[in-house]
Amino acid sequence: MDVSYLRKYLGSEVSAQQRYLWLGLSLLVSLSYSIPVLFQSFSYPYLMQDDARQHVFWMQRFVDPELFPNDLLADYFQSVAPWGYSTLYWLASQIGFDPVVFNKLLPPVLLLITTVYTFLGAMQFLPSPVAAFISATLINQNLWLRDDVVSGTPVAFVYPLFTAFLYYMMRRSLFPYLGAIVLMGLFYPQMVLISSGILFMRLFTIKNYRLGLTSASELRFYLLGIAVSVGIMLPYVLEPSVYGPILTRAEAQDMATLGNRGWSRFFRNHFTRFWACGKRSGFLPPEWCDISFALPQLGLGLMLPLVIWGRQRFTLAQRVSPEALVVPQALIVSLCWFFVAHALVFRLHLPNRYGEHSIRIVMAVSAGVALVIAWDRVMKWLVNRQSIAQSLRAFAALAGASCALTILLVNPYQLEFDRENFPIDRYAKGIYPEVYEYLSAQPKDILVASLSPEVNNLPSFAKRSVLVGGGGFVLPYHTGYFQQVEERLLENISAQYAPQLDGLKQFIEKYGVDYWLIDHNFTDLTYLSEDVFFQFPIMRDRLIQRLGEGRLPALARVAPNCVVVEVDNVKPVKLLDAACILEQ
């Protein structure tokens with residue numbers, strides 16, 4: 001077997017049919033990651049992706065407008081949902097898709113679209129289907145080490161839309177490219193800032209070490225994209241949230257919820273964690289803090305400019321398109337917006353939104369192209385080693401290619417991120433069907449109070465309103481919203497642990513609470529380590545002292561008489577009738 005036959009697959013000598021074959025293999029890899037998760041999502045009736053519990057539950061109003069009446073949480077998350085995102089779910093509901101079901105069906109589709117555009121984009125860099133296959137595989141692996149796409153929330157649309165934008169921009173396809181910009185603005189507007197920054201950089205060119213404007217035709221092409229970007233972003237500037245104003249840095253630094261132990265922790269004591277891999281504050285994808293995963297992503301990606309610079313030795317690098325300039329352009333623009341977002345912290349939402357998404361994409365494409373260029377150099381070296389038998393050379397080439405492909409496909413399964421194994425989906429499982437069924441049979445305007453972690457599941461599984469949720473429901477970025485949920489949460493804590501029955505009754509009457517869900521162990525000292533109490537350490541310490549002195553809350557005394565549902569599993573809970581409590 002001639003090694004040169006293998007080498008041609010690294011370049012552009014393959015036919016269109018063979019390119020479709022590699023694209024098909026890329027799609028199969030994507031499906032091999034997403035289909036098992038899809039089956040898992042329908043394996044149990046009460047499964048919901050963690051972030052979707054906040055961003056999707058209110059969309060059940062599309063099916064039944066009477067759900068969640070005068071619900072602060074539903075109204076807030078509906079108000080912050082981008083127009084395109086909520087409209088897509090509304091359209092799906094009009095043709096018979098339940099929003100929860102549609103949310104589970106979306107991720108495989110979005111990943112297939114991302115795979116196609118990543119493959120086509122890599123082919124614009126270097127016309128090698130092998131490089132495109134590797135790039136598409138790497139982006140799929142990246143996305144399954146995070147729960148962005150699987151969440152079906154607005155961030156899930158970043159990857160298909162941004163990869164489409166890059167591809168059509170490089171192809172100079174005017175209307176699809178403008179359409180991608182508009183869709184990004186309707187689904188995830190932060191990426192419009194990244195895209196317009198790339199377009200701005202492309203207005204200029206350097207010739208003979210002198211800066212000048214690009215050609216007239218390209219100038220019109222890029223300026224039109226910038227104009228559309230400005231137009232699609234205007235509504236976000238002119239129509240501030242009704243739950244504003246936006247949190248300021250001075251206010252944020254005094255908030256426990258944004259501190260090192262808070263649910264929405266932003267400020268960290270660790271320099272690297274804050275600036276590099278912080279979930280909300282860092283520039284890099286958080287999973288890249290794991291060096292075993294960062295090396296093939298970041299390391300290979302950064303190798304591309306090196307092999308292009310040494311193209312005298314890496315002959316395949318001579319065929320890399322000038323469009324590869326989009327890599328440094330995307331990195332520079334992302335870094336600029338990242339620092340602007342830090343300077344205007346929370347006014348442009350979270351700084352990491354301007355780094356991790358674009359970096360995952362451009363580094364996956366760069367890594368695939370760089371790896372193939374390096375492998376082509378190895379193939380050339382093997383061909384020129386006349387002292388080695390032809391069959392041994394071919395065997396070595398095939399063995400090396402097979403080994404590299406196997407490592408590429410198997411590597412993520414060896415990794416563990418945030419104590420979870422690949423692929424990461426973060427589905428929350430509801431383990432109290434008796435509670436959901438009971439509440440869903442009650443009037444649609446009931447209100448449930450609870451400090452149990454299970455409260456986050458009730459809007460999705462029982463389709464009934466809760467006074468306040470924990471964790472992801474207590475978002476601090478709009479002070480008009482956070483002040484209300486903080487007040488509710490503080491009063492909920494005070495009422496649940498009130499030593500006298502009067503305080504408990506006043507709370508029920510003030511908010512019109514109909515049911516109260518309590519954990520069996522809510523009077524244990526260890527219970528106060530739940531994340532909801534970390535937001536308010538002063539109150540937590542006071543409650544620990546009170547319980548330590550043996551002063552049980554009034555709710556513990558009336559609970560046995562007012563139970564309507566009791567579930568005795570690994571985490572026992574009781575659902576109490578608030579009207580019964582008022583009668584005590």
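Under the rule for a side chain to side chain contact (heavy atoms under 4.5 Å, CB included), the partners of P285 that lie at least two apart in sequence or sit in another chain are E287, W288, E356, I359, R360. The ring pair (Phe, Tyr, Trp, His ring centres under 6.0 Å) search around Y46 returns Y436, F461, not counting sequence neighbours. Listed by chain and residue number, Y89, F97 satisfy the ring pair (Phe, Tyr, Trp, His ring centres under 6.0 Å) test with F102 (two or more places apart in sequence, or in another chain). In terms of the ring pair (Phe, Tyr, Trp, His ring centres under 6.0 Å) criterion, residue partners of F338 (sequence neighbours excluded) are, by chain and number, F283, H342. Remark: D64 pairs with K444 by the salt bridge (charged side-chain N to carboxylate O under 4.0 Å, His left out) rule, at least two apart or across chains. For F42, the ring pair (Phe, Tyr, Trp, His ring centres under 6.0 Å) test picks out no residue, with sequence neighbours left out. Looking at residues two or more places apart in sequence or on another chain, you find a salt bridge (charged side-chain N to carboxylate O under 4.0 Å, His left out) between D147 and R426.
Residue F274 places its CZ atom among more than 12 non-hydrogen atoms of other residues, nucleotides or ligands, all under 6.0 Å distant. The environment of CZ in R249 is crowded: more than 12 heavy-atom neighbours from other residues, nucleotides or ligands sit within 6.0 Å.
In this structure, Y481 has its ring center at least 6.0 angstrom away from the ring center of Y477. For an aromatic pair to be called close, the ring centres must be under 6.0 Å apart, and F162 with H357 fails this. The aromatic ring centroids of F77 and W58 lie 6.0 Å or more from each other. Taking the ring centroids of Y76 and H478, they lie under the 6.0 Å cut-off.
Annotation: the span from L28 atom CG to I35 atom CD1 amounts to 10.5 Å, rounded to 0.5 Å. Once rounded to the nearest 0.5 Å, the distance linking CG of N103 with NE2 of H55 reads 11.0 Å. Note that OG of S195 and CE of M169 are 8.5 Å apart. Values are rounded to the nearest 0.5 Å. Interatomic distance, I308 CD1 to S366 OG, rounded to the nearest 0.5 Å: 8.0 Å. Interatomic distance, CG of L475 versus CD of Q54, reported as 7.0 Å (0.5 Å rounding). From T214, atom OG1 reaches atom CG of L223 across 10.5 Å, with rounding to the nearest 0.5 Å.
Side chains of L23 and P129 form no contact here, defined as non-hydrogen atoms less than 4.5 Å apart. Two residues are said to be in side-chain contact when any heavy atoms from C-beta on lie closer than 4.5 Å; L331 and L335 fail this criterion. For the pair V327/F125, a side-chain contact is recorded, criterion being any heavy-atom separation below 4.5 Å from C-beta on. Side-chain atoms of P459 and L73, non-hydrogen and from C-beta on, never get closer than 4.5 Å to each other. Side chains of Y159 and I361 form a contact here, defined as non-hydrogen atoms less than 4.5 Å apart. Under the 4.5 Å side-chain criterion, counting only non-hydrogen atoms from C-beta, V340 is not in contact with Y354. The shortest side-chain heavy-atom distance between L38 and L105 falls under the 4.5 Å cut-off. In this structure, V155 and S151 have side chains that are in contact, with non-hydrogen atoms separated by less than 4.5 Å.
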Residues Y168, Y117; criterion side chain to side chain donor-acceptor pair (under 3.5 Å); working and verdict: CA-CA 9 Å; Y168 290 124; Y117 281 117; 2.7 Å; yes
Check against side-chain contact (heavy atoms from CB on, under 4.5 Å), F482 and T257: CA-CA 11 Å; F482 181 72; T257 188; 4.1 Å; yes
Verdict with supporting geometry, S264 and R280, side-chain contact (heavy atoms from CB on, under 4.5 Å): CA-CA 8 Å; S264 298; R280 298 170 181 84; 4.3 Å; yes
Residue pair R171, L120: steps toward the side-chain contact (heavy atoms from CB on, under 4.5 Å) verdict: CA-CA 10 Å; R171 291 273 297 179; L120 296 176; over 6 Å; no
Working for side-chain contact (heavy atoms from CB on, under 4.5 Å), residues W144 and V150: CA-CA 8 Å; W144 279 113; V150 73; 3.8 Å; yes
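No side-chain donor-acceptor contact under 3.5 Å links S321 to the backbone of A324. Side chain of K429 to backbone of L47: no donor-acceptor contact under 3.5 angstrom is found. Judged purely by atom type and a 3.5 angstrom limit, S135 uses its side chain to pair as donor or acceptor with the backbone of V365. Counting only distance, with no hydrogens or angles, the side chain of Y167 and the backbone of F119 share no donor-acceptor pair below 3.5 Å.
Scanning both residues, L126 and A131, for their nearest heavy atoms gives CD2-CB, 4.5 Å. Contact record, I134 with G368: CG2-CA, 3.7 Å, taken as the closest heavy-atom pair. Minimum heavy-atom separation, G430 to N457: CA-ND2, 4.1 Å. In plain terms, the two heavy atoms of L106 and G152 that are nearest each other are CD1-O, 4.4 Å. Closest approach of S358 and S334 over heavy atoms only: OG-OG, 2.6 Å. Scanning both residues, V333 and I198, for their nearest heavy atoms gives CG2-N, 3.7 Å.
With 3.5 Å as the limit, one finds no donor-acceptor pair spanning the side chains of D51 and T153. S281 and N352 share no donor-acceptor pair across their side chains, judged by distance under 3.5 Å alone. Between the side chains of T163 and T114, no donor-acceptor pair is found at a separation under 3.5 Å.
Note on residues 221-248: pairs passing side chain to side chain donor-acceptor pair (under 3.5 Å), not counting sequence neighbours, are R172-Y222, R202-Y222, T248-E251. Annotation: salt bridge (charged side-chain N to carboxylate O under 4.0 Å, His left out) contacts involving residues 176-187, sequence neighbours excluded, are absent. Judged as a salt bridge (charged side-chain N to carboxylate O under 4.0 Å, His left out), the pairs with a partner in residues 75-88 (not counting sequence neighbours) are, in order, R61-D75.
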For residues 176-194, tabulate all N or O donor-acceptor pairs below 3.5 Å that involve a side-chain atom, not counting sequence neighbours.
{"from": "Y177", "atom 1": "OH", "to": "F221", "atom 2": "O", "distance (Å)": "2.9"}
{"from": "Y177", "atom 1": "OH", "to": "G225", "atom 2": "N", "distance (Å)": "3.4"}
{"from": "Y188", "atom 1": "OH", "to": "R353", "atom 2": "NE", "distance (Å)": "3.2"}

Listing, residues 467-474 side-chain donor-acceptor contacts under 3.5 Å, not counting sequence neighbours, or none:
none

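Classified by interplanar angle (parallel below 30°, tilted 30° to 60°, perpendicular above 60°), the ring pair F68/F57 is perpendicular.
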